[in-house]
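Everything below concerns the one structure shown next.
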Amino acid sequence: MATDVGTTTTTAQGPGREEPPDTEARGPGDRHKLTAVQGLAALSLDAMASVAYGPESIVLVLAAAGAYGMGFTLPVTLAIALLLAVLVASYRQVIAAFPDGGGSYAVAKRHLGRRTSLVAAASLILDYVLNVAVSVTAGVAALTSAFPGLHGERVWICLAVLALVTAVNLRGVVDSAKAFLVPTALFVGSILAMIVVGLFRDGPVSTASATGHASALGEGASTVGALLLLKAFAAGCSALTGVEAVANAVPSFRSPAARRAQRTEVALGALLGVMLIGLSILIGRFHLQPVEGVTVLAQLADASFGHNAAFYVVQFATMVLLALAANTSFGGLPVLMSLLARDNHLPHFFALKADRQVHRHGVVWLALVSAVLLAFSGGDTNTLVPLFAIGVFVGFTICQVGMVLHWNGERPKGWRAKAALNGLGALLTGVSAVVVTATKFAEGAWLIVLALPLIVLGFEKVHRAYAEIGERLELGRVPQPPHRSRSLVVVPVSGLSKLTCQALTAARSLGDDVLAVTVTHPTPEDRRTAEALRRDWELWNPGVELVEVAPDTRSLGRPVSAYVRKLARTHPDAQVTVLIPETEPAHLWQRMLQNQRGSVVAHAVRRDTDAVICRLRFRITADAR
């Protein structure tokens, strides 16, 4: 079908427009789409959960310089918060300019060319897939830390969590947002409460969680070099993963979608910035020292609340949110894949939506690839973390460069300041991408460096295939007027029955000429059966010629397809149709009782000929007499 392979054009909002009108019409599927609050729960879990490992990543790098190095935790965090503000402001403009979603892919496609947009898309796909695996393994790691007896079953627990998140997302983005709203609120509330309480403490209430654990603090350092600060900055930027998810999934919001997505992006940036800065202040206030086997977040909860019920609430909320942070990928990646499919870079079925506005194929594909990663890593977070965050920095950088060109081309009021802001963001994220890749290369980042161009090559191959199909179908051209051809219908038969009668009736309704074909194998038993069928056929006299095909080998599909090819050669002006009669059982389990002759014939005819295939279903109802 021409509609199945043609290019679908995606219409974007005007490039210079920042605020969409509030008067957008509500579509019939709006009830299956997100509000701003629901979008925060469905699309921000990755970014929110990153506060559990972002500050810790900074501390672990600076700890190499001892207590003196730890003093730079707040400055590094403020630099990351500044970058966060730049990214939020930029993606807010991306949402307005590209309300059909796609984020850095859409920006690069318009301003940097198709090849660069494919690099951005590939980087986002890698980041989204890895986010699922890292989030699930991190959440399960928190669980197995509390219950060590479950450590040996961590892979199965990871797969069970993945199955839960997938099942919820297959019901729609609204259902996933409702399901994850309470865990998100619990986590954010507990972190903010911990920060507020900690700011009123003169010192840590408790250090029970760190007692007895070896310190990871270096000794003897009195200076901190630029390279160490750069590595700490790059490591802490893992807290920025997920910021782009809202811009990628704008079509998932209710009308006015762009305005709701912008509000969600700003709320996400504000909450994430407050939590990151607040935690870094507490790290300095309590003179926290990283220890082996205990997270920084656990030590801060211990110091602020004491080793009591509130401490365990923070740990539980962190565990749940880390495990469910994979939902961000399920909200953003299927939308991105649908845009790639519409641009003929992925199979078109990724653009299909189910009843609840779900890109079901994208959700299932993401779940399957993530399950493979979880099994490959053995449920170990440390195996996956070196691969994480590289892709998102590549996407950030491409998006920022594209927005600089956007402002330079449109030149609205204040465009120089906006372009400078995006230019600064491109510089910071570009440096971070290089540093993270270089420092993690030997630990597994080389896989991402290898996978990125391979995915782009895959996009190109799919695009060329669709281009070839479109050329053969002459898409975009006015075709010749249709004309009527003589119709020749072939009906494979193996005996006389009501099914045979219905098949010949349908064939005579469809075609000018009808031929019944039976395959007779070279065995005495088959020849006797064929002779009996010939006698019965002559007695019945349906007015349709019965043709016997006698192959040398005992096969069914190939003799029929060979006969159809012969008809096509001898009747070049006729349209040959093969009508295959089959029974449809009343119960699902009865299908395994069928001989599958129809499927064998259909496969051979489809493979070897250009004939039209019709499959006539004779339904056997439960109350049939």
Side-chain angles (χ1 to χ4, degrees), residues 46-47 50 53-54 57-58 61 76-77 79-91 94 102-109 111-113 115-131 134 226-245 247-248 272 276 328-329 332-333 336 384-405 421-456:
D46 177 18
S50 66
Y53 50 80
S57 299
I58 299 172
V61 173
V76 171
T77 304
I80 293 172
L82 175 62
L83 177 57
L84 172 64
V86 171
L87 290 173
V88 168
S90 173
Y91 276 108
V94 171
S104 58
Y105 167 69
V107 174
K109 181 184 173 185
H111 298 293
L112 297 173
R115 290 284 176 85
T116 306
S117 71
L118 294 182
V119 174
S123 67
L124 286 173
I125 287 176
L126 287 172
D127 179 63
Y128 276 137
V129 172
L130 285 167
N131 170 60
V134 170
L227 180 60
L228 186 67
L229 290 176
L230 202 58
K231 289 178 66 176
F233 174 81
C237 279
S238 61
L240 302 180
T241 57
V243 172
E244 78 290 349
N248 290 335
L272 184 56
L276 288 174
T328 297
S329 295
L333 182 57
L336 174 62
L384 298 168
V385 166
L387 311 179
F388 194 41
I390 296 174
V392 73
F393 284 129
V394 173
F396 280 163
T397 305
I398 291 174
C399 185
Q400 297 293 309
V401 172
M403 289 306 293
V404 171
L405 297 179
L421 192 64
N422 290 128
L424 175 63
L427 176 63
L428 294 177
T429 55
V431 170
S432 298
V434 172
V435 171
V436 171
T437 303
T439 55
K440 301 294 185 182
F441 189 84
E443 300 176 34
W446 61 270
L447 284 172
I448 302 301
V449 176
L450 179 64
L452 197 61
L454 290 178
I455 294 176
V456 174

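- Taking CD1 from I80 and CG from L87, the interatomic distance works out to 11.5 Å, rounded to the nearest 0.5 Å.
- L333 is not listed as a side-chain neighbour of L124, based on a closest heavy-atom distance of 4.5 Å or more.
- Every side-chain contact (heavy atoms from CB on, under 4.5 Å) that L427 has, sequence neighbours left out, goes to V431.
- Minimum heavy-atom separation, A108 to S117: CB-CA, 3.5 Å.
- The heavy-atom pair separating L112 from I398 by the smallest distance is CD1-O, 3.5 Å.
- Every residue meeting the side-chain contact (heavy atoms from CB on, under 4.5 Å) condition with A426, not counting sequence neighbours, appears here in chain and number order: Q400, V401.
- In terms of the side-chain hydrogen bond (donor to acceptor under 3.5 Å, both in side chains) criterion, residue partners of Y128 (sequence neighbours excluded) are, by chain and number, N248.
- One finds the CD1 atom of I125 at 9.5 Å from the CG atom of L118 (value rounded to the nearest 0.5 Å).
- Between T397 and G430, the shortest heavy-atom contact is OG1-N, 3.2 Å.
- Nearest approach of G395 to Y91, heavy atoms of both residues: O-OH, 4.3 Å.
- At least one side-chain heavy atom of F396 sits less than 4.5 Å from a side-chain heavy atom of V243.
- In this structure, OG on S123 lies 10.5 Å from CD1 on I448, to the nearest 0.5 angstrom.
- Side-chain N or O atoms of T116 include none that pairs as donor or acceptor with a backbone N or O of G113 at under 3.5 Å.
- Listed by chain and number, the residues in a side-chain contact (heavy atoms from CB on, under 4.5 Å) with A433 are F393 (sequence neighbours excluded).
- The heavy-atom pair separating I455 from A122 by the smallest distance is CG2-CB, 3.6 Å.
- For the pair L126 and V394, the minimum side-chain heavy-atom distance is 4.5 Å or more.
- Of all the heavy atoms in V119 and L452, the pair that sits closest is O-CD1, 4.1 Å.
- In this structure a side-chain-to-backbone donor-acceptor pair under 3.5 Å is missing from S90 to V86.
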